[in-house]
Amino acid sequence: MILVDGAGGEWPVIGHAPWHGCNLADFVMPCFLFIVGMAIPLSLKRIPDRGWAVRRVVIRTLKLLFWGILLQGGYSHAPDELTYGVDMKHIRWCGILQRIALAYLVVAVIEIATKDARVQDQSSSGFFSIFRMYLSQWIVACCILLIYLSLVYGIYVPDWEFRVRNVDSLNYGKVLTVTCGTRGNLSPPCNAVGYIDRKVLGINHLYQKPAWRRHRDCTDDSPYEGPFKRDAPAWCASPFEPEGLLSSFSAVLSTIIGVHYGHVLVHMKSHMDRLKQWVTMGVALLLLGIILHFSHAIPLNKQLYTLSYICVTAGAAGIVFSMLYFLVDVVSLRYVFEPLRWVGMNAMLVYVMAAAGIFEGFLNGWYYDGPKNTLVYWVRKHVFVRVWHSERVGILLYVLVAQILLWALLAGLLHRAGVYWKL
């Protein structure tokens, strides 16, 4: 996430796809949800009291929602703007941590409600035995999928309008109309995902800079961001919530797949049995998603969180996790991957300080002559961009060294001191 937020603008292959498709950034959210799901069976391995477990889950969910709204609701303007505060008429209710909170709440409650005390200590070696042990969870997953598909392809999306809020736009303050009048459409302006968010959340509470602004219909600079075409459709300037309600509903499936991987870890004791289960499922999901996309049945789309996108990203997450498990737990290359452990054990701190830009915002508050003359800007310009004579390469190296490597080392020091930010 630090990489795609910091360098995605200069490297489109790193940033989010403008609409259909899947770039590196589009794997971040599903991997978050996958690993959250995988952790649930471990944290809820013993449930002496279901009421206590639900209370614990609800409290953690509320903490995630608080930090999500604080960081992405519009209150924090870090790292570039040295102001704070948000007009409640335009606060953004959805975001990354909010989606994680929703998925965690739903899946953790399902785990608590469906977990049979008789299977908590039961070991398993058969390939389909885990599926049978937790059949009720897969039934819930199928219901979620059916509801999502029914809404996406069944809801009628009428024409709609919005007021342009971008002060740099020639249409600032004007009310523009988007023509739809369709059903089952997956285009940027006329999909049911956006329609539900506009109706339930309100158009003023959606994300104002969606990735589709880089769509080829909107700018000649696509996939880079650039000025809109003269004949760009009205929807190019409209808001859209990439972490909206219906897409977050289908995102729960990524977490349920992660829960299955966690169940395998809990119940299967052999390394080979675990890897066989994980890799087989990962490859199967990956192939299914690719077939759905390239057959034009269901396109890969992160902002709609389509079925093909769920399959490809969850399959990839499962395969990558299997590789790391093999290298760390089977081959015992623990020291090579120790920095990942440090960051993972202080993930919330690194997310808030680095990915959300709070630490850079703090440093930018100490400037000389003007807000653009700070330590952060000086290091980025003189140590990285000028040395490599390239804006793109310099910014990429700055993110890799001055953000990712720096925070990995700081997380290591905090781990050594036993300091962790827990929710």
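All heavy atoms count here, side chains included; hydrogens, waters and symmetry mates do not.
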Listed partners of [X] passing ring-ring contact (aromatic ring centres under 6.0 Å, His included), at least two apart:
{"X": "W388", "result": "none"}
{"X": "F321", "result": "W278"}
{"X": "H90", "result": "none"}
{"X": "F384", "result": "Y398"}

Minimum heavy-atom separation for [X] and [Y], please, with both atom names.
{"X": "L151", "Y": "A192", "result": "O-CB, 3.5 Å"}
{"X": "L275", "Y": "S322", "result": "CD2-O, 3.6 Å"}
{"X": "Y420", "Y": "N346", "result": "CA-OD1, 3.4 Å"}
{"X": "Y195", "Y": "P158", "result": "CE1-CD, 3.3 Å"}

Under a 4.5 Å cut-off applied to non-hydrogen side-chain atoms, are [X] and [Y] in contact?
{"X": "I2", "Y": "Y351", "answer": "no"}
{"X": "L3", "Y": "L396", "answer": "yes"}
{"X": "I130", "Y": "H260", "answer": "yes"}
{"X": "V399", "Y": "I404", "answer": "yes"}
{"X": "V193", "Y": "Y305", "answer": "no"}

For this session: List in chain and number order the residues that pass disulfide bond (SG atoms under 2.5 Å apart) with C22, two or more places apart in sequence or in another chain; answer none if no residue qualifies.
Result: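 With neighbours one apart ignored, the set is empty.
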
Problem set entry | Qualifying residues under disulfide bond (SG atoms under 2.5 Å apart), relative to C236, sequence neighbours excluded |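 Expected list: C218.
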
For this session: Just say parallel, tilted or perpendicular for the rings of F162 and W160, cut-offs at 30° and 60°.
Result: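 Geometry flag for W160 against F162: tilted rings.
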
For this session: Look at the aromatic rings of F131 and F128 and report parallel, tilted or perpendicular, splitting at 30° and 60°.
Result: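 The rings of F131 and F128 sit tilted, inter-plane angle from 30° to 60°.
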
For this session: Under the salt bridge (Lys or Arg N to Asp or Glu O under 4.0 Å) rule, collect the residues that match up with R341, sequence neighbours excluded.
Result: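 With neighbours one apart ignored, the set is E338.
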
For this session: Check salt bridge (Lys or Arg N to Asp or Glu O under 4.0 Å) between K174 and all other residues, then give those that pass, not counting sequence neighbours.
Result: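 Listed in chain order: nothing, the list is empty.
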
For this session: Mark yes when over 12 heavy atoms from residues, nucleotides or ligands other than Y153 sit less than 6.0 Å from its OH; otherwise mark no.
Result: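 Count over threshold, so yes.
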
For this session: Sequence neighbours left out, what pairs pass disulfide (SG to SG under 2.5 Å) with at least one residue falling in residues 150-210?
Result: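 Every disulfide (SG to SG under 2.5 Å) pair that includes a residue of residues 150-210, provided the two are not neighbours, is C180-C190.
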
For this session: Scan residues 221-244 for pairs that pass ring-ring contact (aromatic ring centres under 6.0 Å, His included), counting only residues two or more places apart or in two chains.
Result: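 ring-ring contact (aromatic ring centres under 6.0 Å, His included) check on residues 221-244 returns W19-F240, W212-W235, W212-F240, H215-W235.
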
For this session: Just grab all the ring-ring contact (aromatic ring centres under 6.0 Å, His included) pairs involving residues 21-46, residues at least two apart or on different chains.
Result: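 Applying ring-ring contact (aromatic ring centres under 6.0 Å, His included) to every pair that reaches into residues 21-46, excluding sequence neighbours, yields F34-Y261.
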
Exercise. Do W342 and W407 have their ring centres less than 6.0 Å from each other?
Worked result: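 Ring centroids of W342 and W407 are no less than 6.0 Å from each other.
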
For this session: Enumerate the residue pairs fulfilling salt bridge (Lys or Arg N to Asp or Glu O under 4.0 Å) with a member in residues 293-312, sequence neighbours excluded, ordered by first and then second residue.
Result: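 Those involving residues 293-312 are E243-K302.
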
Exercise. How far apart are the C-alpha atoms of E111 and H263, what are their side-chain angles, what is the distance that settles it, and do they pass the side chain to side chain donor-acceptor pair (under 3.5 Å) test?
Worked result: CA-CA 10 Å; E111 174 78 2; H263 288 153; 3.0 Å; yes

